[in-house]
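Predicted model only: the values in this text are computed from it and were never measured.
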Amino acid sequence: MTGKPASNRVYLVYVKDEEAGMSGQEKRKTRDAEATKKRIMQAAKKEFAKHGLAGARVDEIAERAKANKRMIYHYFGSKEDLFQAVLEEAYLDIRTAEQKLDLEALPPDEALERLVRFTWNYYLKNPEFITLVNSENLHRARHLKKSERIKIASRKFVGMMDGLLDRGVKEGVFRPGIDATQLNITIAAIGYYYLTNRFTAAIVFERDMMAKDALEERLAFNIDTVMRLVKV
């Protein structure tokens, strides 16, 4: 028989628990608290995305999260603080996902195309992100200003873009002098504007902007646009 005897395994788990300074009951309470906070965050994200900060109702968040208002205020302090937590999580989610694209392992042009595709598909799969950003812009980014985590994650992303562009220049693929921040704004804007204006655009241009063929056509146009901007 391989491995540690069951009695040893139990002992090691016991010691580990003791080292953590928490009883089984305390750990269960911690897990319950984390689960409750997660439900509140998920419910708040939907409520803020739908109604904005001003229109969102804490009662609705509590009901959707199967929690009570007292717990929301206990964990997050206020509706404003809860909105900031949701917004921060939304930004950190996309920044984290971008870092996982492994762009450094690809040739520069392929890496940039992967990023453009990712950004477009992320917006499609996470429509709440766009509406949360819209809401925060109405408030002149007063919540983002307080978040050091967002600033750090954003600097890391811009640094990654700088590295990608430098690599492309050295390999003779990209032209020199492209600002990483400006390029990121363009990549975001050409997808963001299309999706935030899809309803009015459907009337103005007399087409279904969200049809499968239309979305595929738009992605191809986005990629072509960015590549024309950066390539030699």
Open item on the list: Please say yes or no: joined through hydrophobic side-chain contacts below 4.5 Å, possibly via intermediate residues, are Val158 and Leu164 part of one cluster?
Closed with: no
- [ ] For the pair Asn126 (side chain) and Tyr122 (backbone), establish whether a donor and an acceptor sit closer than 3.5 Å, ignoring hydrogens and angles.
- [x] yes
Open item on the list: For a quick test of reading the model, state the closest non-hydrogen atom pair linking Phe118 to Ala97 and the distance between them.
Closed with: CZ-CB, 3.5 Å
Open item on the list: Between Lys170 and Asp166, does any side-chain N to carboxylate O distance fall below 4.0 Å?
Closed with: no
TODO: For Thr96, check side chain to side chain contact (heavy atoms under 4.5 Å, CB included) against everything at least two apart and list the hits.
DONE: Lys100
Open item on the list: Just so I know, are the side chains of Met210 and Leu124 near enough to count as touching, which here means a heavy-atom distance under 4.5 Å?
Closed with: yes
Open item on the list: Do Phe129 and Asp93 have side chains that approach each other closer than 4.5 Å (heavy atoms only, starting at C-beta)?
Closed with: no
- [ ] Would you mind checking if Glu216 and Lys212 are paired as a salt bridge, meaning a charged N to carboxylate O distance below 4.0 Å?
- [x] yes
Task: Minimum heavy-atom distance Lys145-Lys151, with the two atoms named - done: O-NZ, 3.3 Å
Open item on the list: Would you say that Met160 contacts Glu104 through its side chain, given a criterion of any heavy-atom pair below 4.5 Å between the two side chains?
Closed with: yes
Task: Nearest-0.5 Å distance, NZ of residue Lys66 to CZ of residue Arg64 - done: 10.0 Å
Open item on the list: For the CD atom on Gln99, are there more than 12 heavy atoms of other groups (residues, nucleotides or ligands in this structure) within a distance under 6.0 Å?
Closed with: yes
Task: Backbone of Arg57 reached by a side-chain donor or acceptor of Glu47 within 3.5 Å - done: yes
Open item on the list: Determine whether Glu98 and Ile94 satisfy the following criterion, side-chain contact (heavy atoms from CB on, under 4.5 Å), listing intermediate values before the conclusion.
Closed with: CA-CA 6 Å; Glu98 287 161 345; Ile94 189 171; 3.7 Å; yes
- [ ] First locate atom CD1 of Ile152, then atom CG of Leu92, and finally report the distance between them rounded to the nearest 0.5 Å.
- [x] 10.0 Å
Open item on the list: I'd like to check Leu165 versus Val169 (side-chain heavy atoms, cut-off strictly below 4.5 Å). Are they in contact?
Closed with: no
Task: Ser78 and Asp81: side chain donor to acceptor below 3.5 Å - done: yes
Open item on the list: Closer than 3.5 angstrom, by distance alone: can the side chain of Arg114 be matched with the main-chain N or O of Leu101 as a donor-acceptor pair?
Closed with: yes
Task: Straight-line distance of Met41 CE to Phe48 CZ, nearest 0.5 Å - done: 9.5 Å
Task: Beyond-backbone contact of Asn222 with Val226, side-chain heavy atoms, under 4.5 angstrom - done: no
Task: With sequence neighbours excluded, residues passing ring pair (Phe, Tyr, Trp, His ring centres under 6.0 Å) with Tyr192 - done: none
Open item on the list: Parallel, tilted or perpendicular: which one describes the rings of His143 and His139, with boundaries at 30° and 60°?
Closed with: perpendicular
Open item on the list: Within this structure, what is the OG1-CG distance for the pair Thr36 and Asn68, rounded to the nearest 0.5 Å?
Closed with: 9.5 Å
TODO: Specify the closest pair of heavy atoms between Lys45 and Val86, including all atoms of both residues, with the distance to one decimal.
DONE: CA-CG1, 3.7 Å
- [ ] Return the minimal non-hydrogen interatomic distance between Phe83 and Ser135, and the atom names on each side.
- [x] CZ-OG, 3.8 Å
Task: Min side-chain heavy-atom separation Lys156-Arg95 under 4.5 Å - done: no
- [ ] Could you tell me whether a side-chain N or O of Ser147 sits under 3.5 Å from a main-chain N or O of Leu144, the two making a donor and an acceptor?
- [x] no
- [ ] Look up atom CG in Leu112 and atom CE in Met227, then write down how far apart they are to the nearest 0.5 Å.
- [x] 4.0 Å
TODO: Take Ile190 and Arg218, measure what side-chain contact (heavy atoms from CB on, under 4.5 Å) needs, and give me the verdict at the end.
DONE: CA-CA 9 Å; Ile190 57 180; Arg218 183 63 200 181; 3.7 Å; yes
Task: CD-CG distance between Gln84 and Leu53, expressed to the nearest 0.5 angstrom - done: 11.0 Å
Task: Residue pair Phe157 / Asn184, side-chain heavy-atom distance below 4.5 Å - done: yes
- [ ] For the residue pair Leu115 and Met161, establish whether any side-chain heavy-atom pair is separated by less than 4.5 Å.
- [x] yes
Task: Cluster link Ile223 to Leu215, ILVMFWY, side chain under 4.5 Å - done: yes
- [ ] Run the ring-centre check on Tyr194 versus Tyr123 and record whether the distance is less than 6.0 Å.
- [x] no
Open item on the list: Restricting to non-hydrogen atoms, name the atom on Arg167 and the atom on Ala111 that form the minimum distance, rounded to 0.1 Å.
Closed with: NH2-CB, 4.3 Å
- [ ] Write down the atom of Leu132, the atom of Leu87, and the distance for their closest heavy-atom approach.
- [x] O-CD1, 3.9 Å
Open item on the list: Is there a side-chain contact (heavy atoms from CB on, under 4.5 Å) between Ile178 and Leu229? Walk through the geometry before answering.
Closed with: CA-CA 9 Å; Ile178 298 168; Leu229 280 173; over 6 Å; no
TODO: Kindly determine whether Val173 and Lys231 satisfy side-chain contact (heavy atoms from CB on, under 4.5 Å), including the steps that lead there.
DONE: CA-CA 6 Å; Val173 178; Lys231 296 192 82 170; 4.2 Å; yes
- [ ] Verify the distance criterion only: is there a donor paired with an acceptor across the side chains of Arg117 and Asn121 at less than 3.5 Å?
- [x] no
Task: Cationic N near anionic O, under 4.0 Å, Arg149 to Glu88 - done: yes
Task: Qualifying residues under salt bridge (Lys or Arg N to Asp or Glu O under 4.0 Å), relative to Glu136, sequence neighbours excluded - done: none
Task: Pair Arg142 + Glu80, salt bridge at N-O below 4.0 Å - done: yes
